[in-house]
A.B. asks: 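Okay, handing you the structure first.
Worth saying up front: this structure is predicted, and the values here are computed from it rather than measured.
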Amino acid sequence: MNRVLVTGGTGYIGSHTVVELMEKGFDVVIIDNLSNSQIEVLDGIAGITGKRPDFEQVDLRDKANTFNVFRKYPDIGSIIHFAAFKAVGESVEKPLEYYHNNINSLIYLLEAMNAFRVNNFVFSSSCTVYGEPDTLPVTENAPIKKASSPYGNTKQICEEILQDALIPNPDFKIISLRYFNPIGAHPSALIGELPVGVPNNLVPFITQTAIGLRDELRVFGNDYNTPDGYGIRDYINVVDLSRAHVIAIERLLENRQKQKFEIFNLGTGKGLSVLEIIQTFERITGKKLKYRVVDRRDGDVEQVYADPSYANNELGWKAEKTLEETLLSAWSWEKYIRSKYNAKG
């Protein structure tokens, strides 16, 4: 069965992964409730691939309708689960919403896997499971620390649920991909990151400020114990990240995994500060950014970046795109989407 169910497939990482899957010949059905994405994303996917993926507007917290999707597409053979609330700061303010959404949706998906005999599952996890790491770079063997936010805790809990679900289901095969910080957009500029409201992530905040949608960029803290005082992250191109999901699906379908539950860190292996990202964007675009340092944001860690060598060696995957190329793709996407909105009046 060649069909992949992609939950959250009209979202940022989901839509880019759908493109990569379709270009590799997979049939795709997307489940998304459009709470943090737009239906027009399907047009962008079709513009790139020449084909429109199947789409079901379903909230995964609705168990009956979730099961109906599996009935409608009996050829689903694999699942990539992106659908989740994902803003660290917001999760501190709305913890119960995050637990309700992120955990219940996973449980209902696993119940559907059981009922409809779907065994291959790729989970969208996060480096937030490591909390404030003891040593850098972070390997897959780093201890799981107490989460610094409810969002991070939902990812920890979901990974625990997945491991428990394997015990009574010997046919289940699961890969958890722990992302660092995805940025950028598809080189076509037909899909990219389009947050609802004020962005929680750095790069769309930068591009929206550069194009005049925001008066200024807010930077959360410059008093960290880092070389320039700004928080450090591992910024990975979203297309590079999406390719890893296709490789993970192929690994499951070809029974190449070494254990039933596998974990891979997806990053570049290089930590960059917020200030370095701002300065690089200014240099390559010629746009001077107005930014203001504000208080640290609850739940943010000081610095974290990956040791991606296990994913490099075991998956045969590597982040390839440069920071400059990635930031330019984000800027091209921002200009495209604003011109599109302006054209609509």
A.B. asks: First locate atom CD1 of Ile191, then atom NE2 of His16, and finally report the distance between them rounded to the nearest 0.5 Å.
C.D. replies: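 Ile191 CD1 to His16 NE2: 4.0 Å, rounded to 0.5 Å.
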A.B. asks: Donor-acceptor pair, distance only, cut-off 3.5 Å: does the side chain of Asn36 make one with the backbone of Pro195?
C.D. replies: no
A.B. asks: Hydrophobic clusters here meaning ILVMFWY residues chained together by side-chain heavy-atom distances under 4.5 Å, can you tell me if Ile284 and Tyr291 are in one?
C.D. replies: yes
A.B. asks: Using every non-hydrogen atom in the two residues, find where Ile249 and Ser78 come nearest and quote the distance to one decimal.
C.D. replies: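 Here Ile249 and Ser78 meet closest at CD1-CB, 3.6 Å.
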A.B. asks: Can you confirm whether the side chains of Arg251 and Gln257 place a donor and an acceptor under 3.5 Å from each other?
C.D. replies: no
A.B. asks: What pair of heavy atoms forms the shortest contact from Tyr336 to Ala189, and how long is it?
C.D. replies: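 Looks like CD2-O, 2.9 Å.
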A.B. asks: For the backbone of Asn265 and the side chain of Glu140, can you confirm whether one donor and one acceptor N or O come within less than 3.5 Å of each other?
C.D. replies: yes
A.B. asks: Is it the case that Thr7 and His81 place a side-chain donor and acceptor less than 3.5 Å from each other?
C.D. replies: yes
A.B. asks: If we only count heavy atoms from C-beta on, is the Arg3 to Asp54 side-chain gap below 4.5 Å?
C.D. replies: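 With C-beta onward as the side chain, the pair touches.
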A.B. asks: Would you please say whether a donor-acceptor pair under 3.5 Å links the side chains of Asn312 and Lys318?
C.D. replies: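 The criterion, which ignores hydrogens and geometry beyond distance, is not satisfied for Lys318 and Asn312.
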A.B. asks: Surrounding CG of Asp215 (heavy atoms of other residues, nucleotides or ligands, distance under 6.0 Å), is the total greater than 12?
C.D. replies: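 12 or below, so no.
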A.B. asks: Starting from the C-alpha separation in whole Å, work towards a yes-or-no answer on side chain to side chain contact (heavy atoms under 4.5 Å, CB included) for Ile263 and Phe123.
C.D. replies: CA-CA 9 Å; Ile263 294 165; Phe123 180 59; over 6 Å; no
A.B. asks: Do His186 and Val238 come close enough that some side-chain heavy atom pair is under 4.5 Å?
C.D. replies: no
A.B. asks: Tell me whether Lys145 contacts the main-chain N or O of Glu132 through its side chain, where contact means a donor paired with an acceptor under 3.5 Å.
C.D. replies: yes
A.B. asks: Are more than 12 heavy atoms, taken from residues, nucleotides or ligands other than Lys260, located less than 6.0 Å from that residue's NZ atom?
C.D. replies: yes
A.B. asks: Do Asn153 and Tyr99 have side-chain N/O donor and acceptor atoms under 3.5 Å apart?
C.D. replies: yes
A.B. asks: Any non-hydrogen side-chain atom of Leu109 less than 4.5 Å from a side-chain atom of Leu60?
C.D. replies: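 In contact.
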A.B. asks: Count the heavy atoms belonging to other residues, nucleotides or ligands that lie under 6.0 Å from CG of Asp295, then report whether that count exceeds 12.
C.D. replies: no
A.B. asks: Quick check: does any side chain N or O of Ser148 sit under 3.5 Å from a backbone N or O of Gly299, one acting as donor and the other as acceptor?
C.D. replies: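 Such a contact is found between Ser148 side chain and Gly299 backbone.
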A.B. asks: To the nearest 0.5 Å, what is the distance between CD (Glu40) and CG (Leu194)?
C.D. replies: 9.5 Å
A.B. asks: Distance alone, cut at 3.5 Å: any donor-acceptor contact between the side chains of Glu90 and Tyr98?
C.D. replies: yes
A.B. asks: Ile232 versus Leu136: any side-chain heavy-atom pair under 4.5 Å?
C.D. replies: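 Not touching, per the 4.5 Å side-chain cut-off.
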A.B. asks: To the nearest 0.5 Å, how far apart are CD in Gln163 and SG in Cys158?
C.D. replies: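 Answer for the CD-SG pair, Gln163 versus Cys158, is 12.0 Å.
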A.B. asks: Does the side chain of Phe172 reach to within under 4.5 Å of the side chain of Asn120, using non-hydrogen atoms?
C.D. replies: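 No, too far: nothing below the 4.5 Å cut-off.
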A.B. asks: Without hydrogens or angle criteria, can the side chains of Tyr230 and Glu276 be said to hold a donor-acceptor pair below 3.5 Å?
C.D. replies: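 No, no side-chain donor-acceptor contact under 3.5 Å.
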A.B. asks: Compute whether any side-chain donor of one residue and acceptor of the other, for Asn237 and Asp240, lie under 3.5 angstrom apart.
C.D. replies: no
A.B. asks: If you take all heavy atoms of Asn65 and Asp62, which pair is closest and at what distance?
C.D. replies: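 Minimum heavy-atom separation between Asn65 and Asp62: ND2-OD2, 2.9 Å.
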A.B. asks: Would you say the side chains of Ser176 and Glu159 form a donor-acceptor pair under 3.5 Å?
C.D. replies: yes
A.B. asks: Determine, for Phe220 and Arg296, whether the Lys NZ or Arg CZ falls below 6.0 Å from the six-membered ring centre while staying within 45 degrees of the axis.
C.D. replies: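 Not satisfied by the 6.0 Å and 45° rule.
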A.B. asks: What's the separation between atom CD1 in Ile337 and atom CG in Leu190, rounded to the nearest 0.5 Å?
C.D. replies: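 With rounding to 0.5 Å, CD1 (Ile337) is 9.5 Å from CG (Leu190).
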A.B. asks: CG/Asn104 to CG/Asp59 distance, rounded to the nearest 0.5 angstrom?
C.D. replies: 10.0 Å
A.B. asks: Can you name the one residue among Trp317, Tyr179, Phe121 that meets ring-ring contact (aromatic ring centres under 6.0 Å, His included) with His245?
C.D. replies: Tyr179
A.B. asks: Assess the side chains of Asp307 and Thr139: does a donor N or O sit below 3.5 Å from an acceptor N or O?
C.D. replies: no
A.B. asks: Compare every heavy atom of Val239 with every heavy atom of Ala185, then report the nearest pair and how far apart it is.
C.D. replies: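 So the two residues come closest at O-CG2, 4.2 Å.
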A.B. asks: For residues Lys86 and Tyr151, determine if any side-chain heavy atom of one lies less than 4.5 Å from a side-chain heavy atom of the other.
C.D. replies: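 A side-chain contact under 4.5 Å exists here.
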A.B. asks: Can any side-chain N or O of Asn169 pair as donor or acceptor with the backbone N or O of Asp171 at less than 3.5 Å?
C.D. replies: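 No; zero donor-acceptor contacts below 3.5 Å.
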A.B. asks: How many angstroms lie between atom CG of Leu110 and atom CG of Leu106, to the nearest 0.5 angstrom?
C.D. replies: 4.5 Å
A.B. asks: Kindly say whether the aromatic ring centers of Phe67 and Phe116 come within a distance under 6.0 Å.
C.D. replies: yes
A.B. asks: Decide yes or no for Leu177 and Val122: does some side-chain heavy atom of the first lie under 4.5 Å from some side-chain heavy atom of the second?
C.D. replies: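 Contact flag for Leu177/Val122 side chains = yes.
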A.B. asks: Under a 3.5 Å cutoff, is there a donor and acceptor pairing between the side chains of Lys173 and Asn255?
C.D. replies: yes
A.B. asks: Is Glu56 reaching over with its side chain to a backbone N or O of Ile31, donor-acceptor style, under 3.5 angstrom?
C.D. replies: no
A.B. asks: Under the 3.5 angstrom rule, does the side chain of Asn222 hit a backbone N or O of Leu275 as a donor-acceptor pair?
C.D. replies: no
A.B. asks: Which atoms form the tightest heavy-atom contact between Ile175 and Ala248, and what is the distance?
C.D. replies: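 Heavy atoms only, the tightest pair is CD1-O, 3.7 Å.
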A.B. asks: Under the criterion side chain to side chain contact (heavy atoms under 4.5 Å, CB included), I'd like the reasoning laid out for Gln156 against Ile144: C-alpha separation, chi angles, the key distance, then a yes or no.
C.D. replies: CA-CA 8 Å; Gln156 291 182 4; Ile144 302 299; 3.5 Å; yes
A.B. asks: Taking Val203's backbone N and O only, do any of them form a donor-acceptor pair with Asn201's side chain (distance below 3.5 Å, no angle check)?
C.D. replies: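 Absent.
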A.B. asks: Thinking salt bridges, do Arg338 and Glu334 make one under a 4.0 Å N-O criterion?
C.D. replies: yes
A.B. asks: Side chains of Ile13 and Leu241, heavy atoms from C-beta outward: is any pair under 4.5 Å?
C.D. replies: yes
A.B. asks: Parallel, tilted or perpendicular: which describes the rings of Phe281 and Trp331, with under 30° parallel and over 60° perpendicular?
C.D. replies: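 Perpendicular: the ring planes of Phe281 and Trp331 meet at over 60°.
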A.B. asks: Would you confirm whether Gln38, through its side chain, and Leu34, through its main-chain N or O, come within 3.5 Å as a donor-acceptor pair?
C.D. replies: no
A.B. asks: Please confirm whether the ring centroid of Phe264 lies under 6.0 Å from the ring centroid of Tyr310.
C.D. replies: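 That pair passes the under 6.0 Å test.
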A.B. asks: Can you check side chain to side chain contact (heavy atoms under 4.5 Å, CB included) on Ile211 and Lys335, steps first, answer last?
C.D. replies: CA-CA 7 Å; Ile211 210 160; Lys335 290 186 288 186; 4.1 Å; yes
A.B. asks: Keeping the roles fixed (side chain from Asp234, backbone from Gly267), state whether a donor-acceptor pair exists under 3.5 Å.
C.D. replies: no
